[in-house]
Every structure is written in structure tokens, then in C-alpha cells.
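The structure appears below as C-alpha cells.
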There are 2 protein chains.
Amino acid sequence: MARLKTHDEALRLRLLHRAAATVFDRGTAALSLRQLAADAKTSTTAVYSLFGSKAGLLSSLYQEAVRLFVERLATLHPTDDPAGDVIRIGLAYREYAVANPHLYAILFSDRSAQCPSDSDRPRETVETYRPLVDAVSRGQRAGQFSSASDPEVIALSVWGMAHGLVSLVLSGNEPQGLAVADCYERALRALVTGWRAGEEPVAGFANVT
Amino acid sequence: MARLKTHDEALRLRLLHRAAATVFDRGTAALSLRQLAADAKTSTTAVYSLFGSKAGLLSSLYQEAVRLFVERLATLHPTDDPAGDVIRIGLAYREYAVANPHLYAILFSDRSAQCPSDSDRPRETVETYRPLVDAVSRGQRAGQFSSASDPEVIALSVWGMAHGLVSLVLSGNEPQGLAVADCYERALRALVTGWRAGEEPVAGFANVT
DNA sequence: CAGCATATTGCAACAGCGTTACGAATGCCC
DNA sequence: GGGCATTCGTAACGCTGTTGCAATATGCTG
């Protein structure tokens with residue numbers, strides 16, 4: 001056959017680990033395949049036989065980031081206060097993002113630029129999404145949220161707000177003199193309150209077209 | 001002195017225009033200074049004498065994107081329904097982002113990676129931010145929003161949600177089977193409702209720690 | 001046990017990038 | 001008209017991701 005494989009699973013994990021470290025402190029742009037291979041005492045060929053390309057490597061890193069993210073969200077167990085669970089998920093979301101800014105950036109950077117096939121995207125996305133939808137569903141059954149909207153819609157709004165506020169901070173676009181950290185939870189609470197069951201719109205802006 | 005300058009304002013605008021076009025359809029990564037210079041029948045030196053570097057060029061592009069954004073938001077005139085104005089600003093926000101995805105990406109990509117000096121960032125940010133804060137302030141005076149929170153906080157939550165939902169779509173991370181476009185306005189309305197004056201938190205999640 | 005076949009691997013080259021150094025070209029002043 | 005300061009285009013540097021090719025080392029076969 002041929003010589004023993006050294007481009008094996010162990011090397012794959014070592015490369016993935018080192019790449020994650022680099023991306024974690026200096027971002028994806030600072031990740032050089034040559035440098036990575038040299039650091040791991042191997043050749044660039046290893047990266048290409050194991051990951052296919054830099055995009056493939058980043059895609060694997062994406063899978064890893066998703067796994068950590070899902071793990072983190074899984075530490076939150078449902079309580080008998082679903083609306084509170086929604087808030088807690090939102091806080092954990094922000095905590096993960098702030099703790100691992102570059103992994104978070106990998107998770108939510110442009111997917112079309114780094115994912116070879118889109119086939120695995122929806123599945124991963126829905127996996128991080130489910131706990132939130134579940135909490136909302138339970139909240140609807142408990143009467144804490146309006147049942148007029150699909151739970152997915154309510155969950156998406158929560159996710160959007162969390163993602164938006166976190167992204168503004170991480171990208172350095174939060175407005176001056178205003179710490180997002182201080183009003184993040186209040187904003188989440190206002191949103192949850194707004195989805196309360198039986199809530200009527202504020203008088204005066206029914207039709208804005 | 002020297003020979004007549006050809007690296008003048010006219011060339012600067014031409015380069016900026018071409019760069020914007022390229023970034024608009026293929027993103028910042030696809031923008032090559034060599035290609036840009038060749039397309040404009042000039043040399044790379046021109047780009048460097050006019051913009052300093054690729055980061056400088058992108059920074060100028062950022063200024064331009066902000067200007068367009070501010071112009072768009074300025075077309076919305078305050079009405080006697082401030083809460084409705086907030087919704088309208090949110091809708092215009094999304095509309096601009098969807099219409100100019102790459103300019104939007106420039107606006108909200110990592111500032112630290114492309115801005116030579118951070119000195120001009122806060123001023124620009126607050127400029128796009130002010131109409132929203134103003135609308136909230138008027139809404140508070142009209143009793144449409146709680147006065148318990150600073151208008152900046154409420155405005156930030158609206159901005160965060162708009163930015164978050166828009167970013168999820170543009171980055172290809174919206175969950176499958178759910179069109180953000182369909183629930184964007186409803187989400188904004190729920191949030192606005194949640195900030196309604198005198199609103200009490202949903203019973204049962206007062207303390208989540 | 002010798003030799004072949006073949007999978008595997010590392011080196012080097014390619015095309016492109018942003019950036020910079022430098023020499024040539026140019027128009028003004030004396 | 002000659003000297004000069006300024007401006008500009010070319011070419012080079014070091015880097016990137018990627019790929020082709022040659023060397024290598026192993027297991028099977030005769």
C-alpha cells in the first residue's frame with residue numbers, strides 16, 4: 001500500500017486546536033495555513049489533505065464553535081418559569097459571545113464565504129435555536145406569551161435582539177457613553193413583556209404602512 | 001514645482017465609486033487595489049497617495065455608506081405618533097440594509113480592523129443614532145414609552161433588534177423555514193409595546209439572577 | 001527475501017495580494 | 001535653458017492560498 005499515515009485524526013485535532021487558538025486571539029484573517037502547518041511541525045499538505053482548504057478548516061472550526069455553543073445552552077435546564085428561561089438563554093448567549101468573541105464571529109460571519117456546502121447549515125442553526133423555541137412554547141402554554149404568533153417568530157425576535165446587541169459591542173459599534181452590558185437584560189425583559197399574552201398595540205400606531 | 005497632479009479629487013471620486021461598485025456586488029475581500037487601479041487606468045500609487053492603504057480606502061467607503069444611511073433616515077420626518085416613527089425608522093433601517101448589503105456590511109463590520117483612527121467613529125455612530133433617540137424621547141413625552149429608562153437605552157434595544165435580525169439574514173444565518181421579512185415588523189412592534197409606559201414585568205420572572 | 005506498486009507526504013512553484021522603494025518624467029523658478 | 005522639487009508608474013518584496021510533482025516509505029506479490 002503506502003506509508004503509515006501521519007495526517008491522521010490526532011494531527012487533525014492538533015491543527016484544529018491551534019487554529020482555534022489563533023482565530024480566538026487574532027481573528028480569521030490572521031490565520032495562515034503555512035504558519036499553522038509550521039507551528040504544528042508539518043506541511044501545508046497536511047492541512048489540505050485533512051480540511052481541503054482554508055475554507056474547509058474554518059468550516060470545521062465552525063462545527064466546533066457550534067458544538068461549544070450548544071453545550072453551553074444545554075447547561076440551562078428548563079424551569080417552571082419559561083419567560084425567565086428565555087431571559088436566561090439570552091444572558092447565556094451574550095456571555096458566550098463575550099467570552100469567545102472570535103468563535104462567535106466564526107459562527108455568525110458570512111456563511112456563504114466560508115461554507116463549502118450549505119447542506120449542514122440549517123441543521124446546525126436549528127440546533128442552537130431549539131432551546132429558545134421550546135422555552136417560548138412552554139411560555140405560551142403557561143400564558144406568559146401571546147399565542148397569536150408562532151413560537152418561532154417570538155424566539156426569532158429574541159435571538160435577533162441578543163445577536164444584534166452582542167454584534168454591536170463586538171464590532172465596536174455600540175454608541176458612545178452607553179454600556180450595552182447595563183441595558184442588555186432590561187432590553188430582553190422589555191421584549192418579553194411586549195410578547196405578553198393579550199397585549200394590545202400602543203394606541204396610535206396601528207397603521208404605519 | 002512638479003508635474004501636474006493627476007492624483008486629484010476627481011480620481012479620488014472615481015476610485016471611490018468603482019470600489020463601492022465592486023464591494024457592493026462582491027464584498028470587501030474581492031476588492032483588489034491592483035485591479036482597482038488597473039480598471040481606473042492608473043497605478044497602485046494613486047490609491048496609496050489618495051487613501052493611504054486599503055484600510056484607508058475602506059474607511060472612506062465607510063464614510064460614504066454612513067452618509068447614504070443618514071440621508072435615508074433623514075427622509076423620515078417626525079410625526080405626531082413617535083412610537084410609529086420608531087417602527088418606521090426600523091423598517092427603513094432594514095430596507096437600506098437589504099438594498100445595499102455590502103455597504104451595510106462595511107458599516108457594521110469590525111471597526112478595529114479597518115479604521116485607522118477611532119476618533120471619527122463615535123461621531124458617525126451617533127449621527128445615525130440620533131433620529132431614533134429623538135423619536136423615543138418624543139414618545140416618552142407623549143406617554144407612549146416608559147420614562148423609567150433613558151431614551152438611549154430604549155433606542156439601543158430597538159437598534160439592536162433591527163441590526164440583529166438584519167444581520168442574521170444578510171449573513172445567511174436565519175433559521176430555515178422562517179422568513180425574517182414576515183416577522184420583522186411584528187417583532188419591532190412587540191418590543192415597542194414592551195417599553196410602554198407603566199408596563200409591569202410578566203409575573204413570575206422577577207428574579208432570574 | 002527481493003521487487004514492485006501505490007498511497008502518502010513534503011517541497012517548490014504559481015498566481016495573486018498589500019505595500020514600499022526607487023528611478024523616471026514633468027513643470028516651475030531663476 | 002538649466003536646476004530642482006515634486007509627482008508618478010514600475011518593479012520588487014514578502015506574504016498569502018493553492019496545486020503539481022517528485023521522493024518516500026510501506027505492504028503485497030512473486
Side-chain angles (χ1 to χ4, degrees), chain A residues 1-16 18-23 25-62 102 106 109-110 112-117, chain B residues 1-16 18-23 25-62 102 106 109-110 112-117:
Chain A
M1 292 282 285
R3 57 175 155 182
L4 288 178
K5 296 192 66 162
T6 66
H7 293 180
D8 53 1
E9 190 62 21
L11 179 61
R12 191 190 129 92
L13 290 177
R14 206 165 75 234
L15 287 173
L16 210 52
R18 280 177 178 274
T22 300
V23 169
D25 1 284
R26 297 186 293 139
T28 62
L31 177 67
S32 157
L33 296 196
R34 301 168 112 106
Q35 192 67 44
L36 176 68
D39 287 350
K41 309 286 189 204
T42 180
S43 65
T44 63
T45 311
V47 181
Y48 280 88
S49 77
L50 287 171
F51 300 100
S53 67
K54 182 173 183 178
L57 174 60
L58 291 178
S59 184
S60 296
L61 227 47
Y62 172 83
H102 288 296
I106 287 183
S109 61
D110 196 346
S112 61
Q114 75 181 230
C115 193
S117 75
Chain B
M1 292 281 286
R3 57 174 159 181
L4 288 178
K5 295 191 67 160
T6 65
H7 293 182
D8 54 1
E9 190 63 20
L11 179 60
R12 191 189 129 93
L13 291 178
R14 206 166 75 235
L15 287 174
L16 210 52
R18 280 179 177 272
T22 300
V23 169
D25 17 273
R26 296 186 294 137
T28 63
L31 177 67
S32 157
L33 297 196
R34 302 168 112 108
Q35 193 67 46
L36 176 67
D39 286 350
K41 309 284 188 207
T42 179
S43 65
T44 64
T45 311
V47 180
Y48 281 88
S49 75
L50 288 171
F51 299 100
S53 67
K54 181 173 182 177
L57 173 62
L58 290 178
S59 184
S60 294
L61 227 48
Y62 172 82
H102 289 296
I106 287 184
S109 63
D110 196 347
S112 61
Q114 73 179 233
C115 192
S117 75

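Every chain is numbered from 1, with letters handed out A, B, ... down the list of sequences.
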Revision key, fill the gap. Scanning both residues in full, the closest heavy-atom pair of I106(A) with L58(A) reads CG2-O, 4.2 Å
Check your understanding: Taking atom P of dG18(C) as reference, at what distance in whole Å does atom NZ of K54(B) sit?
Key -> 5 Å
Review point. Is a side-chain donor or acceptor of K54(A) paired with a backbone partner of L31(A) at a separation under 3.5 angstrom?
Key: yes
Practice item. Please report, rounded to the nearest Å, how far the P atom of dC8(D) is from the NZ atom of K41(B). Key: 19 Å
Revision key, fill the gap. Taken to the nearest whole Å, CZ/R3(B) to P/dT26(C) is 7 Å
Check your understanding: Would you say a side-chain N or O of T44(A) is under 4.0 Å from OP1 or OP2 of dG17(D)?
Key -> no
Review point. Quick one: is dC8(D) close enough that its OP1 or OP2 comes under 4.0 Å of any side-chain N or O from T45(B)?
Key: no
Check your understanding: Say you draw a straight line from CZ of R18(A) to CG of L11(A); how long is it, rounded to the nearest 0.5 Å?
Key -> 10.0 Å
**Study point:** 4.5 Å side-chain heavy-atom contact, L57(A) and L16(A)
**Key:** yes
**Study point:** Nearest-angstrom distance from the residue atom CG of L33(B) to P of dC17(C)
**Key:** 9 Å
**Study point:** For atom CD of Q35(B) and atom P of dG18(C), their distance in whole Å
**Key:** 10 Å
Check your understanding: How is S32(B) classified with respect to the nucleic acid when contacts are heavy atoms under 4.0 Å: base, sugar-phosphate, or nothing?
Key -> sugar-phosphate
Check your understanding: Out of curiosity, H102(B) NE2 to T22(B) OG1, how far, rounded to the nearest 0.5 Å?
Key -> 10.5 Å
Check your understanding: Where do H7(A) and T42(A) come nearest, in terms of heavy atoms and distance?
Key -> NE2-OG1, 3.9 Å
Exercise for review: Give a yes or no on whether a donor-acceptor pair under 3.5 Å exists between the nucleobase atoms of dG17(D), that is its base, and the side chain of R34(A).
Suggested key: yes
Review point. Counting only side-chain N and O atoms of S49(B), is one of them less than 4.0 Å from OP1 or OP2 of dT7(D)?
Key: no
Revision key, fill the gap. Atom CZ of F51(B) and atom P of dC8(D) are separated, to the nearest Å, by 14 Å
Exercise for review: Return the value, rounded to whole Å, for the distance between atom OH of Y48(B) and atom P of dC8(D).
Suggested key: 17 Å
Study note, to complete from the structure: Side-chain atoms of S43(A) come closest, of dT18(D), dG10(C), dG18(C), to dG10(C)
Practice item. Mind listing the residues from residues 5-14 of chain B sitting with a heavy atom below 4.0 Å of DNA chain D? Number order is fine. Key: K5(B), T6(B), H7(B)
Study note, to complete from the structure: Interatomic distance, CZ@R14(A) vs CG@D39(A), rounded to 0.5 Å, equals 10.5 Å
Practice item. Using atom CZ of R26(B) as one end and atom C1' of dC17(C) as the other, report the distance to the nearest whole Å. Key: 14 Å
Review point. With sugar-phosphate meaning primed atoms plus P, OP1 and OP2, does L57(A) contact a base, only sugar-phosphate, or nothing at under 4.0 Å between heavy atoms?
Key: nothing
